[in-house]
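Since the structure is predicted, the reported quantities are computational estimates derived from the model, not experimental observations.
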Amino acid sequence: MTQTQSPITTSETTRSSALEKFFGLSERKTTLSREIRGGITTFVAMAYVILLVPLILGGVADAHGDKLSIAQLTTTTAFSAGLTTVLMGLVGNVPLALAAGLGLVPVVAFQAAPHMTWPQAMGLVVLMGIVIVILAATGLRTMIINAIPLAMKNAIGVGIGMFIAMIGLASSGVVGKGAGTPVTLGVDGHLSGWPTVIFAVGLLVMLALFIRKVPGAILISIAIATVLAIVVNSIAKIDPKQWGTVVPEKPKSLFATPDFGLFGHIDLFGGFATAGAITATTVLFTLVLTGFFDAMGTVFGVCDEAGLVDEKGQVPGMGKILTVDGVAQILGGLSGGAGSTVYVESATGVGEGARTGLASVVSGGLFCAAIFFTPIAAVVPIQAAAPALVLVGALMMTQARKIDWNDLEVAIPAFITIVLMPFTYSITNGVGAGLIAYTVIKLARGKFREIHWLVAVVSLVFVAYFGIDGIEMALGH
């Protein structure tokens, strides 16, 4: 019996030892199964981007009236997400997945494309990535992150938790735009419809399994909710609009032929001539600032949740992580889509136990495979995946205990950072407003020496960012 089983055991041990040595599984107190499970969970939580990003970019015409192909956008979105996520796993060795940034996509679609051609808009995305890589390679980006006070970093993590919870609640229809209030319970002021029921059932099942420490609780719950959604939708014949981007239906086919037609279609500097120097520069500035701080906040927040932040409030290997993020922006533009950046949904994989880059390799591999299996990826409705965002948001909120709420000099900026992220749907807005408030409060108290010069510079940059419309008017544009 022992001799019969020994070849399998030896092979498995060899593979496990190789992965252990490369990713340092035991050092981070994780296992192969947890990393695989975490990688799958992150992919499932992010799979919607394969459909959502093409819908946003494909629905907008450029300055010449041309639109991008949905099929080509689907291919480039999945492929760039897969390639950059694998790269993050191998180089950064952190459980962070990347895809076309939802903070960047609207800038490309609604600020760049109407004033220039699509290749020129993608050229600006590539330029953004180059700028970010330079900032990372010179160490300036890491210096800025390390200069931010620890309390503010903790606030960023909490704010991201609230932000992703809000994304989950809003995308599932539990929270909607109010008539007399900014937000309200349900789309029309009350909860209704089967999709909401699917979300509620998925969330309750997830909470029950997670509290009982069932391995794969998040992934199991998403699978259960998806199957339930497919069954309910087939019986009740629900209006597709109620589901949102993804309608849970049995796929008509399992495979799809990828179309790489958008790859390499870029014009680096043409946008400055077509749209004008001021407009193109403004778009580039917005892209850089959004890409810079969205990634910074997400990296710190997710890594802190994974226990990868040291006692000084720093993430080991941050330089590599940020360089990969910058390269991902370049690859995103070269592939014909918005730049790829780190996703907050990576926290769902961390919630399943992911602690190393192996989880990212798994997620990235699934994104690459999704190029051929997009019909299957299109099955999971947001109502089935959204409960994971709510649960992980709740877990990230526990970082609030690390903030000294009795010290108003940090408590107030921390509060502003936390609340603005979900309320404005932007990590960048929260970081910027919080840093400005922190700088002003320190100045008001006469504590000039406590303000790191980089924090002061970044605060001034954010003042320009928030006042960009006034600056454009002053320049006569």
Legend entry - Side-chain touch F199/V390, heavy atoms, less than 4.5 angstrom: yes
Inset, instruction - State, yes or no, whether a side-chain contact exists between M88 and V342 at a heavy-atom distance under 4.5 Å. - result: yes
Inset, instruction - Answer yes or no: is there an ion pair linking R141 with D325, defined by an N-O contact shorter than 4.0 Å? - result: yes
Legend entry - Least distance between heavy atoms, R355 atom then V350 atom: NH1-O, 3.0 Å
Legend entry - Heavy-atom closest contact (T196 atom, S172 atom, distance): OG1-O, 4.3 Å
Inset, instruction - Anything under 30° is parallel, anything over 60° is perpendicular, the rest tilted; go ahead and classify F79 against F260. - result: perpendicular
Legend entry - Close side-chain approach of L262 to S335, heavy-atom, < 4.5 Å: no
Legend entry - Smallest separation among heavy atoms of S340 and S80, with atom names: OG-OG, 3.7 Å
Inset, instruction - For the pair E35 (side chain) and T356 (backbone), establish whether a donor and an acceptor sit closer than 3.5 Å, ignoring hydrogens and angles. - result: yes
Legend entry - Exercise: do S426 and T424 side chains pair donor with acceptor under 3.5 Å: no
Legend entry - Close side-chain approach of M122 to L334, heavy-atom, < 4.5 Å: no
Inset, instruction - Quick one: closest heavy-atom pair of C303 and L96, and the distance? - result: SG-CD1, 4.3 Å
Legend entry - Donor-acceptor pair, side chain of N233 and main chain of P248, under 3.5 angstrom: yes
Legend entry - Test item: V174 and L191 side chains (from C-beta on) under 4.5 Å apart, heavy atoms: yes
Legend entry - side chain to side chain contact (heavy atoms under 4.5 Å, CB included) evaluation trace for Q329 with T341: CA-CA 7 Å; Q329 307 283 10; T341 189; 3.7 Å; yes
Legend entry - Flag, side chain of T75 to backbone of P258, donor-acceptor distance under 3.5 Å: no
Inset, instruction - Calculate, to the nearest 0.5 Å, the distance between atoms CG and CG belonging to L73 and L57 respectively. - result: 5.5 Å
Inset, instruction - Output, in order, the C-alpha distance, side-chain angles, deciding distance and verdict of side chain to side chain contact (heavy atoms under 4.5 Å, CB included) for Y343 and V302. - result: CA-CA 9 Å; Y343 258 62; V302 175; over 6 Å; no
Legend entry - Any side-chain heavy-atom pair of L98 and F367 under 4.5 Å: no
Inset, instruction - Mind checking the CD1-CG spacing from I371 to L366? Nearest 0.5 Å is all I need. - result: 12.0 Å
Legend entry - Sub-4.5 Å side-chain heavy-atom contact between H115 and Q120: no
Legend entry - Side-chain touch Y465/N429, heavy atoms, less than 4.5 angstrom: yes
Inset, instruction - Look only at the side chain of N93 and the backbone of G357, and say whether a donor-acceptor pair between them is shorter than 3.5 Å. - result: yes
Inset, instruction - Indicate the atoms forming the closest heavy-atom contact of S221 with L209, along with that distance. - result: OG-CD1, 3.7 Å
Legend entry - Taking every non-hydrogen atom, the tightest pair across V158 and Q399: CG2-C, 3.7 Å
